[in-house]
Amino acid sequence: MEESISTAHASSEAPQPDPAALRQRLLQWYDRHARRLPWRALPEEVADPYHVWLSEIMLQQTTVVAAAPYFEAFLARWPRVEELAAAPLDEVLTAWAGLGYYARARNLHKCAQSLVAEHGGRFPQEEAALQALPGIGAYTAAAIAAIAFDRPAAPVDGNWERVIARLFAIETPLPPAKAEIREAAATLVSPQRPGDFAQAMMDLGAILCLPGRPKCLLCPLAEDCAAYALNREKELPARTPKAAKPTRRGIAFWTIDAQGRLLLRRRPEKGLLGGMMEVPSTEWRGDHWSEAEALPQAPFPADWRALPGQVRHTFTHFHLELEVWAGRIESGASPPPGSLWAEPDELDKQALPSVMRKVISHALKRGG
DNA sequence: TATTCGTGGGC
DNA sequence: TGCCCAAGAAT
């Protein structure tokens with residue numbers, strides 16, 4: 001109610017986007033400026049739903065530059081969904097290591113298996129059926145429907161949100177504005193090249209309608225844009241301030257056995273870095289650790305010595321400071337449950353997230 | 001609706 | 001250095 005009032009107010013002083021004319025201008029721009037991306041079908045080429053799905057999962061909250069090499073690697077290793085479904089989960093996690101948000105990899109694997117077991121290895125074309133699959137939410141279902149099957153759908157991602165918020169001069173800050181933006185976005189979709197239109201909105205957001213510094217002088221939609229008319233393009237979309245990140249602390253135990261192998265442990269399936277391997281550590285908490293508190297959480301009793309310095313890493317919602325203690329196990333001790341001895345020259349075969357690669361790099365550098 | 005869940009590049 | 005953000009989903 002209040003949102004539509006503010007939108008209506010802005011529209012009274014600014015151009016009211018005409019969907020048909022806007023679509024035509026945007027598609028014309030897209031035909032000349034579309035990015036060439038590894039997962040994107042060429043013009044007049046039929047999109048491969050497997051490629052579209054794989055890329056969309058990888059691109060969730062992830063930049064094109066970061067996702068591209070992973071997409072190529074996955075496609076080379078598992079060219080079809082049946083092969084991905086047949087792969088062991090640990091191999092998928094290892095291939096995903098470094099890309100982040102590891103629930104995506106677990107759901108990717110689950111989704112592949114569900115597609116093979118329940119859909120004959122074919123992707124459903126309906127948004128509702130797509131969204132019922134693991135790891136596919138409202139956005140990804142719409143993206144696959146539009147891009148892979150050319151169905152009218154509005155995959156409203158961060159690019160769409162920014163473009164729509166400016167086109168309609170929506171003053172409501174994000175994320176509360178999401179519903180309002182989705183409604184406005186829905187008024188723009190049509191059966192005319194919906195897949196290209198969806199990707200054109202994304203390319204526009206990535207190339208011209210940038211956060212903070214939009215290149216309005218080059219924008220094909222400048223004449224449609226309420227924010228531009230109101231000189232509000234740099235301020236929109238507004239965002240609610242984010243909460244400060246707390247700091248958590250822990251001690252990682254760099255444990256080497258008599259044969260020079262490194263002790264690794266698999267993390268629980270759910271939660272942070274779920275299912276990934278780690279250098280065993282104490283719990284991560286706000287308080288610093290005393291030696292008396294830390295030692296009972298070591299994987300073995302040993303003559304632990306603290307390596308100089310610490311490893312810093314920032315997750316989505318907290319900072320982490322890890323101290324690293326190095327210890328040697330003289331006898332060929334059997335690893336604790338859920339743990340294993342890893343050959344130091346084969347660590348690339350382990351599902352190690354970036355924070356753990358930092359720990360390993362730090363320990364090797366500091367003489368662990 | 002609000003949290004949780006990674007990482008790296010840009011400024 | 002610190003904060004911003006990137007083709008969001010699950011709970």
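All chains are named by letter (A, B, ...) in the order of the sequence lines, taking the proteins before the strands, and each is independently numbered beginning at 1.
Between A/Asp18 and A/Arg23 there is no salt bridge, since no side-chain N of the basic residue sits under 4.0 Å from a carboxylate O of the acidic one. With respect to the salt-bridge test (charged N to carboxylate O, under 4.0 angstrom), the residues A/Asp224 and A/Arg25 qualify. Note on A/Arg328 versus A/Asp257: no salt bridge recorded, every NZ/NE/NH1/NH2 to OD/OE distance being 4.0 Å or above.
Computed from coordinates, the A/Leu133 CG to C/dA9 C1' distance equals 13 Å when rounded to whole Å. Here the P atom of nucleotide C/dA6 and the CG atom of A/Leu99 are 17 Å apart, to the nearest Å. Rounding to whole angstrom units, NE2 of residue A/His319 and P of C/dC3 are separated by 6 Å. The distance from atom CG of A/Leu59 to atom P of C/dC5 is 19 Å, rounded to the nearest whole Å. One interatomic measurement links the two molecules: CE of A/Met201 to P of C/dA6, which rounds to 14 Å at whole-angstrom precision. The nearest whole Å value for the distance from the CE atom in A/Met356 to the P atom in B/dT7 is 9 Å. The distance between atom CG of A/Leu272 and atom P of B/dG6, rounded to the nearest whole Å, is 5 Å. Rounded to whole Å, the distance from CZ on A/Phe315 to P on B/dG8 is 11 Å.
The CG atom of A/Asn159 sits 9.0 Å away from the CG atom of A/Leu210 when rounded to the nearest 0.5 Å.
Residue order along DNA chain B, read from the 5' end via each residue's closest nucleotide, puts A/Gly271 first among A/Lys358 and A/Gly271. Along DNA chain C, the nucleotide nearest to A/Arg40 and the one nearest to A/Gln131 differ in position, and the one closer to the 5' end is contacted by A/Arg40. With the nearest nucleotide of DNA chain C identified for both A/Ile136 and A/Ser55, A/Ser55 has the one nearer the 5' end. Residues A/Arg213 and A/Pro353 each lie close to DNA chain B; by heavy-atom proximity, the contact nearer the 5' end of the strand is made by A/Pro353.
Nucleic acid contact class of A/Arg162 (heavy atoms, under 4.0 Å, all strands): sugar-phosphate only. If you check every strand for non-hydrogen atoms under 4.0 Å, A/Arg312 touches nothing. Using a 4.0 Å heavy-atom criterion, one finds that A/Leu273 contacts the sugar-phosphate atoms exclusively. A/Gly98 comes within 4.0 angstrom of sugar-phosphate atoms only, judged by non-hydrogen atoms across all strands, and of no base. Heavy atoms of A/Leu174 sit nowhere under 4.0 angstrom from any nucleic acid atom. In this structure, A/Pro211 reaches the sugar-phosphate backbone alone: every heavy-atom distance under 4.0 Å involves primed, P, OP1 or OP2 atoms, never a base. Residue A/Ala198 is out of contact with every strand shown, counting any heavy-atom pair closer than 4.0 Å. Residue A/Thr140 is in sugar-phosphate contact alone, with no base atom involved, counting any heavy-atom pair closer than 4.0 Å across all strands shown. Base contact: A/Trp39 has a heavy atom under 4.0 Å from a base atom.
Between the side chain of A/Arg35 and the base of C/dA7 there is at least one donor-acceptor pair of N/O atoms closer than 3.5 Å. Applying the 3.5 Å distance criterion, the base of C/dG8 shares no donor-acceptor pair with the side chain of A/Tyr139. For a distance-only test at 3.5 Å, the side chain of A/Thr62 qualifies as a donor-acceptor partner of the base of B/dG6.
Rounded to the nearest Å, the gap between the P atom of C/dT11 and that of B/dG6 is 14 Å. To the nearest whole angstrom, the two P atoms, one in C/dA6 and one in B/dC5, are 22 Å apart. Comparing C/dA7 with B/dC11, their P atoms sit 16 Å apart, to the nearest whole Å.
When each of B/dT7, C/dA10, C/dA7 is scored by its nearest atom to the side-chain atoms of A/Asn107, the top-ranked nucleotide is C/dA10. The side chain of A/Gln61 lies closest to C/dG8 when the candidates are C/dG8, C/dA7, B/dT7. Listed nucleotides B/dC5, B/dG8, B/dC11 differ in distance to A/Ser354; the shortest reach to its side chain belongs to B/dG8. Taking every side-chain heavy atom of A/Tyr101 into account, B/dC5 is the closest of B/dT7, C/dA9, B/dC5. Side chain of A/Thr316, nearest nucleotide from C/dA7, C/dA10, B/dG6: B/dG6. Distance from the side chain of A/Val355 is smallest to B/dT7 among B/dT7, B/dC5, C/dA7. Closest to the side chain of A/Lys242, from the set C/dA7, C/dC4, B/dG6, is C/dC4. For A/Gln60, counting side-chain heavy atoms from C-beta on, the closest listed nucleotide (B/dC5, C/dG8, C/dC4) is C/dG8. Side chain of A/Tyr102, nearest nucleotide from C/dA10, C/dA6, B/dT7: B/dT7. Here the nucleotide nearest the side chain of A/Asn159, chosen from C/dG8, B/dT7, C/dA7, is C/dA7.
A/Glu293 and A/Ser290 share a side-chain donor-acceptor pair at under 3.5 Å. Side-chain contact annotation: A/Lys245 with A/His319, donor-acceptor N/O pair under 3.5 Å absent.
Distances shorter than 4.0 Å separate some side-chain N or O of A/His317 from OP1 or OP2 on B/dC5.
For the pair A/Arg267 and A/Trp284, the cation-pi criterion (under 6.0 Å, within 45° of the ring axis) is fulfilled.
Between A/Trp160 and A/Phe197, the gap from one ring centroid to the other is short of 6.0 Å.
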